[in-house]
Number of protein chains: 2
Amino acid sequence: MNVTLRQLRAFLAVHQEGSFTKAAETLHITQSALSSIIKELENNLELGLFDRSTRKLETSEAGRNILPAVIRMLDEMDTLTNEVKGLKELDYGKVRIAVAQQLASVELPRIISMYNTMYPQVEVSMIDCGVEKIQDIVSSGEADIGIGPERKLQTSLSKRLIFSQPFHLATLPSHPIAQGGRIRWKDIASLELITLRGTFTDLLIENLMRDSADYIIKPKHQVNFMSTALSMVKNGLGVTLCLPYAFESVKQNELVMVPICDPIIYRNFYLYSSKNREKLPAVQKFIDVYLKHMHFDRALE
Amino acid sequence: MNVTLRQLRAFLAVHQEGSFTKAAETLHITQSALSSIIKELENNLELGLFDRSTRKLETSEAGRNILPAVIRMLDEMDTLTNEVKGLKELDYGKVRIAVAQQLASVELPRIISMYNTMYPQVEVSMIDCGVEKIQDIVSSGEADIGIGPERKLQTSLSKRLIFSQPFHLATLPSHPIAQGGRIRWKDIASLELITLRGTFTDLLIENLMRDSADYIIKPKHQVNFMSTALSMVKNGLGVTLCLPYAFESVKQNELVMVPICDPIIYRNFYLYSSKNREKLPAVQKFIDVYLKHMHFDRALE
DNA sequence: AACATTCATAAGTTTAACCCATATATATAT
DNA sequence: ATATATATATGGGTTAAACTTATGAATGTT
């Protein structure tokens, strides 16, 4: 017994039109074709669905009995196609974003809000996490995309540059270097430097030329979180390296940022996503919106 | 967009097996065929359903999204086929019987009860009505079958003889003719006869030979209901014609039935059903049971 | 680096779906 | 009764779809 949707649709059409000929027209097939489709359905079900002569047609008792199930069936199909349409038209779906905790409060809330207005049916959730967890969360499927600084790329993921920011020095406004407008890497050697433990600093050392790296390689203090570093700076314990995206935090601590030059070193931020997994339209669209409305400058790769 | 059940079944199989190759085996098609079925489904939906390489396969976000709808859909199909199976296996359906009120209390309750035991899921309902309404009720579709005495057959109906009964005379046990064991038509002429108005008597007149008919053509009383006639007989107002199926009523009135001979005239009872409408298996089976377990003798057509 | 496994693709064949023409049946009109 | 118009059924031939076999391409494993 292999009942097809085509057969069910034909059955319903004949029932509704009360005629093979008319039903064939609405189905845009010949009466002959319809005749054999119904015949086939009746053979499949081993049940007569219409009491018909050449002059009269009515749906049989058995036909009336299965009618509700047939209608449910075809409705279910409509539901499915609507759902698919929804997925494609972005009034349905989910976007889950893993983002470095430091970045979570900066641009994303504004953009998520904007996206929500454009596609109110799409649910957007943000997973703020440690920088080092971003790739894991994306590759495990917990998040659709991840946003964070450059890191060694896992093989299952692909990355896309979203913005680059030059390193700054955060310092008390009263400090002499706050007056110069900018500072050179080699000048940092003479300051009491507070650095972050881990990849943030390690990567920078790799980026810097050998001699420049020396200037930061022996800091006065090493801490784990940027918030701690800024707090220490505020209390006169030294200066720390930071990036423009942390502007709000810096301001809240009543500090200023001074760009570091010679050379200008950029820290890249990427959008991570799974190489294999196909993105939902809702997700793809979120990426588009994010890239378009992000205020940070994008810079060299 | 023409999504087929085959495609959905293929989708589900691949999701469940986590592999095209294995799913193809369970579907009893080649991997190649399955590959193109899925491809076609994805084209139809314009949506990637699996993230696949040659070494890894997982259901995509979009695939997981439509999965519940697909399962509902296929479940609905199962429901339909089960319903059809039920219709055929007689654990589902309805039997509606139009029956002459006089017959309703005689054999049918016993047979309906028996049928209920055999097919408990089938709902049997009896419409007891006037004899003249039986054919109308069947041809209008209110009832599946009708049971009643011979009448002019409507063109949309077909009839089938179920039993025949010879005419009797109902009389007080004290009456002289009650002693004889039987009576001839021409002997009726000398009695005070009570007849029923309408077809019951008219048909009899047609059945009788011309001269015999004269004996009943001028009755002493004419009434509309058999119950009235019997009541009158009980009160000594005369005798009346009746048939064996009314045995219970006759007994309740403390009367006896005397067969009428010379000639023995039979009244035929038929089962009426629609010529065009296909009978539900439940209905067809009821007819079989009825004919088999009916106690009345069947006689000549 | 070679291999085994898995999905995709191409070519050819079988199956089924469809249209056209025509037969058959029946309600309505003559 | 008979003819007519209208509706479904059927048979033949064509087109399109579905399937199988064979092969190719990609990738994790040894």
Side-chain angles (χ1 to χ4, degrees), chain A residues 1-44 48-60 63 139 153-158 274-278, chain B residues 1-44 48-60 63 139 153-158 274-278:
Chain A
M1 177 154 82
N2 181 29
V3 178
T4 68
L5 288 171
R6 172 171 222 78
Q7 288 164 9
L8 297 183
R9 279 190 262 262
F11 166 73
L12 192 60
V14 173
H15 170 78
Q16 286 171 343
E17 299 291 338
S19 150
F20 274 55
T21 309
K22 281 180 198 158
E25 281 171 28
T26 67
L27 294 171
H28 302 108
I29 56 174
T30 59
Q31 170 269 316
S32 152
L34 179 56
S35 180
S36 54
I37 289 172
I38 295 294
K39 189 177 166 190
E40 199 179 340
L41 178 58
E42 288 179 325
N43 285 340
N44 283 337
L49 298 174
F50 297 102
D51 297 308
R52 51 193 185 276
S53 72
T54 56
R55 304 298 300 171
K56 210 188 287 180
L57 181 141
E58 75 183 301
T59 310
S60 73
S139 63
L153 192 67
Q154 293 183 8
T155 53
S156 67
L157 300 183
S158 66
S274 174
K275 207 189 300 182
N276 303 315
R277 264 196 285 276
E278 177 151 342
Chain B
M1 178 156 82
N2 180 30
V3 177
T4 67
L5 288 171
R6 173 172 224 79
Q7 288 165 8
L8 296 183
R9 280 190 261 261
F11 167 73
L12 193 60
V14 173
H15 169 79
Q16 286 171 343
E17 299 290 338
S19 150
F20 275 54
T21 309
K22 281 179 199 158
E25 280 171 27
T26 66
L27 295 171
H28 302 109
I29 57 174
T30 58
Q31 171 269 316
S32 153
L34 179 56
S35 181
S36 53
I37 289 171
I38 295 294
K39 190 177 164 187
E40 199 178 340
L41 178 58
E42 289 180 324
N43 286 340
N44 284 337
L49 298 174
F50 297 103
D51 297 308
R52 50 194 187 276
S53 73
T54 56
R55 303 300 300 173
K56 212 187 284 180
L57 182 141
E58 74 184 301
T59 310
S60 74
S139 62
L153 193 67
Q154 293 183 8
T155 53
S156 67
L157 300 182
S158 65
S274 173
K275 208 190 296 180
N276 302 316
R277 263 196 284 277
E278 177 151 340

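All heavy atoms count here, side chains included; hydrogens, waters and symmetry mates do not. Note that this is a predicted model, so its numbers are computed, not measured. Quick note on labels: first sequence line is chain A, next is B, and so on, each numbered from 1.
Between the CD atom of B:Glu58 and the C1' atom of C:dC7 there is a distance of 15 Å, given to the nearest Å. Nucleotide D:dT10 holds its P atom 15 Å from the CD1 atom of A:Ile37, rounded to whole Å. Protein atom CD of B:Glu25 is 15 Å distant from nucleotide atom C1' of D:dT20, rounded to whole Å. The nearest whole Å value for the distance from the CG atom in A:Asn2 to the C1' atom in C:dT15 is 13 Å. The separation between B:Leu57 atom CG and D:dT27 atom C1' is 14 Å, rounded to whole Å. Distance, B:Leu34 CG to D:dT21 P: 15 Å, rounded to whole Å. Following rounding to the nearest Å, A:Lys39 (NZ) and C:dC18 (P) show an atom-to-atom distance of 15 Å. Counting to the nearest Å, the C1' atom of C:dT5 and the CZ atom of B:Phe20 are 15 Å from each other.
Annotation for A:Lys275: atom NZ counts as buried by contact number, over 12 foreign heavy atoms lying within 6.0 Å.
Counting atom types as modelled, A:Gln31 pairs no side-chain N or O with a base atom of D:dA7 as donor and acceptor under 3.5 Å. For C:dT6, the base has no donor-acceptor partner in the side chain of B:Arg55 [N/O atoms by modelled type, under 3.5 angstrom]. Taking only distance into account, the side chain of A:Ser32 meets the base of C:dC20 through a donor-acceptor pair shorter than 3.5 Å.
Side-chain contact between B:Leu27 and B:Ile37 is absent, with no heavy-atom pair separated by less than 4.5 Å. Taking 4.5 Å as the limit, every side-chain heavy atom of B:Val14 sits out of range of all side-chain heavy atoms of B:Leu49. Side-chain contact between B:Ile38 and B:Arg52 is present, with heavy atoms from C-beta onward closer than 4.5 Å.
At the heavy-atom level, A:Gln7 lies nowhere under 4.0 Å from the strands shown. Among the heavy atoms of the strands lying under 4.0 Å from A:Ser53 are primed sugar atoms or P, OP1, OP2 only; no base atom is included. Within the 4.0 angstrom heavy-atom criterion, no nucleotide atom of any strand lies near A:Ser36. Residue contacts shown for B:Lys56 are absent, as no nucleic acid heavy atom lies under 4.0 Å away. At the heavy-atom level, A:Ala33 lies under 4.0 Å from the strands shown only through sugar-phosphate atoms.
Without hydrogens or angle criteria, B:Gln31 side chain to B:Ala24 main chain gives no donor-acceptor distance under 3.5 Å.
Closest-nucleotide positions on DNA chain C for A:Arg6 and B:Lys22 were compared, and the one nearer the 5' end corresponds to B:Lys22.
Partner assigned to C:dA11 is D:dT20, using Watson-Crick or G-U wobble distances below 3.5 angstrom. Across every strand in view, C:dT30 sits in a pair with D:dA1 that passes the Watson-Crick or G-U test at under 3.5 angstrom.
The shortest distance between the side-chain N/O atoms of A:Thr21 and the OP1/OP2 oxygens of D:dA7 is not below 4.0 Å. Under 4.0 angstrom from either OP1 or OP2 of D:dA25 there lies no side-chain N or O belonging to B:Thr54. The phosphate of C:dC19 (OP1 or OP2) has a side-chain N or O of A:Thr30 nearer than 4.0 angstrom. A close approach under 4.0 Å does not occur between any side-chain nitrogen or oxygen of B:Arg52 and OP1 or OP2 of D:dA26.
Shortest non-hydrogen contact noted between A:Leu34 and A:Ala23 is CD2-CB, 3.6 Å.
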